[in-house]
Visitor: 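I have a structure here, written as structure tokens, and I will follow up with some questions on it.
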Amino acid sequence: TGLVDALPGVQAVALQVDRMLEAQARHERALAAREQQFSSMFDSNPVPQLLQRAGGPVVDVNGAFLSASGYTREELVGHLVSEIGFWASAQDRTRAAEALQREGGLDGFEGVVRLRDGERRFVLLSACSLEVEGTLHYLHTVIDITERRRVEQALREREERLSFLLSRTSGVIYTSRAHGDFATTF
């Protein structure tokens, strides 16, 4: 410190370096806090999510993804999605990859995936691009819509049967409502 005190210019530079180091330390603490916040949100999200390096392997998955897919973290992390056989259809995989590359994200992409046990499920996939340590990544969100698809199909089939029956019926059809009154169809 004797030399620093003896030379005012060196003292000013030392003070400036000290301020820069403190600013860098504050920045690193803030970055670590944001990373912890993202990690907590990712891990606790009840919706299945997968983080993948663009054109590369799976980097991370949350617990909801593991539960829904039946895979273990070890079976996914470090592997390409194509190696895992996640997509039930090569066409869906190609369409999703092309849309992701072209648009930088996906919003409401419907496709069929294969779970670890081989079961096929209809999913709604969304993905956004983000930069992690200077490298492009995609955060995929996967929602299982299999039951919705089954209900929609059953409703379509019921409507078709009803339409067929009505088209073959002549005369008046009375329907009773819950509160007791009747509606008439000709």
Side-chain angles (χ1 to χ4, degrees), residues 1-88 90 92-116 121-145 148:
T1 61
L3 182 60
V4 170
D5 292 336
L7 300 171
V10 171
Q11 191 175 21
V13 169
L15 185 60
Q16 190 173 16
V17 167
D18 190 46
R19 287 180 184 155
M20 289 171 52
L21 290 174
E22 180 57 36
Q24 178 67 25
R26 276 193 312 272
H27 175 73
E28 289 174 3
R29 285 191 301 271
L31 183 59
R34 281 194 302 269
E35 287 175 358
Q36 179 59 42
Q37 186 179 32
F38 173 80
S39 182
S40 294
M41 289 186 310
F42 179 77
D43 290 337
S44 65
N45 191 337
V47 177
Q49 291 187 308
L50 175 144
L51 182 64
Q52 173 190 18
R53 192 170 64 232
V58 173
V59 174
D60 201 0
V61 292
N62 68 0
F65 190 94
L66 298 174
S67 294
S69 69
Y71 287 100
T72 65
R73 187 175 306 282
E74 293 74 26
E75 290 172 311
L76 297 170
V77 174
H79 298 278
L80 299 173
V81 172
S82 59
E83 292 174 351
I84 299 162
F86 181 67
W87 288 103
D92 282 350
R93 185 184 75 227
T94 300
R95 284 187 318 117
E98 288 173 353
L100 192 56
Q101 190 173 38
R102 181 178 60 250
E103 299 168 21
L106 295 173
D107 187 24
F109 179 90
E110 289 193 28
V112 180
V113 298
R114 184 180 301 114
L115 305 182
R116 187 176 188 281
R121 306 293 288 184
F122 288 97
V123 297
L124 191 62
L125 176 71
S126 293
C128 65
S129 60
L130 50 103
E131 195 171 302
V132 178
E133 298 176 358
T135 304
L136 181 63
H137 286 69
Y138 296 114
L139 178 61
H140 302 273
T141 301
V142 184
I143 298 174
D144 188 338
I145 59 169
R148 184 186 89 185

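For reference, positions follow the sequence shown, starting with 1.
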Visitor: Taking all non-hydrogen atoms of both residues into account, name the closest pair between A99 and L106 and its distance.
Guide: CB-CD2, 3.5 Å
Visitor: The test is side chain to side chain contact (heavy atoms under 4.5 Å, CB included); show your working for L66 and L76 and say whether it passes.
Guide: CA-CA 9 Å; L66 298 174; L76 297 170; 3.8 Å; yes
Visitor: Is the shortest side-chain heavy-atom distance between V142 and V113 below 4.5 Å?
Guide: no
Visitor: If every non-hydrogen atom of S126 is compared with every non-hydrogen atom of G108, which pair is closest and at what distance?
Guide: OG-N, 3.3 Å
Visitor: Would you say CZ of R121 has more than 12 non-hydrogen atoms from neighbouring residues, nucleotides or ligands within 6.0 angstrom?
Guide: yes
Visitor: Please report whether the ring centroid of F86 lies less than 6.0 Å from that of F65.
Guide: yes
Visitor: Main chain of G85, side chain of R114: is a donor-acceptor contact present, judged purely on distance under 3.5 Å?
Guide: yes
Visitor: Verify side chain to side chain contact (heavy atoms under 4.5 Å, CB included) between V123 and V112, making sure each step is shown before the conclusion.
Guide: CA-CA 6 Å; V123 297; V112 180; over 6 Å; no
Visitor: I want to check something: taking the side chain as every heavy atom from C-beta on, are D60 and R73 in contact at a cut-off of under 4.5 Å?
Guide: yes
Visitor: Is the side chain of E75 donor-acceptor paired with the backbone N or O of T72 at a distance under 3.5 Å, no angle test?
Guide: yes
Visitor: For side chain to side chain contact (heavy atoms under 4.5 Å, CB included), just list the numbers for H79 and V58, CA-CA rounded to whole Å, side-chain angles, deciding distance to a tenth of an Å, and then say yes or no.
Guide: CA-CA 6 Å; H79 298 278; V58 173; 5.8 Å; no
Visitor: Before giving the answer on side chain to side chain contact (heavy atoms under 4.5 Å, CB included), spell out for S69 and R116 the whole-Å C-alpha distance, their side-chain angles and the decisive distance to 0.1 Å.
Guide: CA-CA 6 Å; S69 69; R116 187 176 188 281; over 6 Å; no
Visitor: Enter the distance from T141:OG1 to N45:CG here, rounded to the nearest 0.5 Å.
Guide: 7.0 Å
Visitor: Any idea which heavy atoms bring F42 and L50 closest together, and the distance?
Guide: CE1-N, 4.5 Å
Visitor: Which atom pair, heavy atoms only, marks the closest approach of H140 to A127?
Guide: ND1-CB, 3.6 Å
Visitor: Tell me every residue that passes side-chain hydrogen bond (donor to acceptor under 3.5 Å, both in side chains) with N62, counting only those two or more places apart in sequence or in another chain.
Guide: none
Visitor: Counting only heavy atoms from other residues, nucleotides and ligands, does the tally under 6.0 Å from CG of D107 exceed 12?
Guide: no
Visitor: Take atom CD of Q16 as the centre, draw a 6.0 Å sphere, and report whether it contains more than 12 heavy atoms from other residues, nucleotides or ligands.
Guide: no
Visitor: Is the shortest side-chain heavy-atom distance between V47 and I143 below 4.5 Å?
Guide: yes
Visitor: Find out whether R19 and V17 are in side-chain contact, i.e. whether some heavy atom of one side chain is under 4.5 Å from a heavy atom of the other.
Guide: no
Visitor: Does the side chain of I84 come within less than 4.5 Å of Y71's, by heavy atoms?
Guide: yes
Visitor: Just so I know, are the side chains of V13 and L15 near enough to count as touching, which here means a heavy-atom distance under 4.5 Å?
Guide: no
Visitor: Using modelled atom types only, decide if a donor and an acceptor are shared between the side chain of S129 and the backbone of G104 within a distance under 3.5 Å.
Guide: yes
Visitor: Supply the atom-to-atom distance R95 CZ to L100 CG, rounded to the nearest 0.5 angstrom.
Guide: 13.0 Å
Visitor: Work out which heavy atom in W87 is nearest to a heavy atom in D92; give both atom names and the distance.
Guide: CE3-CB, 3.7 Å
Visitor: When you check the gap from the basic side-chain N to the acidic O, do E110 and R148 get nearer than 4.0 Å?
Guide: yes
Visitor: Is a side-chain donor or acceptor of Q101 paired with a backbone partner of E98 at a separation under 3.5 angstrom?
Guide: no
Visitor: Restricting to non-hydrogen atoms, name the atom on R53 and the atom on V59 that form the minimum distance, rounded to 0.1 Å.
Guide: N-CG2, 3.7 Å
Visitor: Output the distance between atom CD (E22) and atom CD (Q24), rounded to the nearest 0.5 Å.
Guide: 10.5 Å
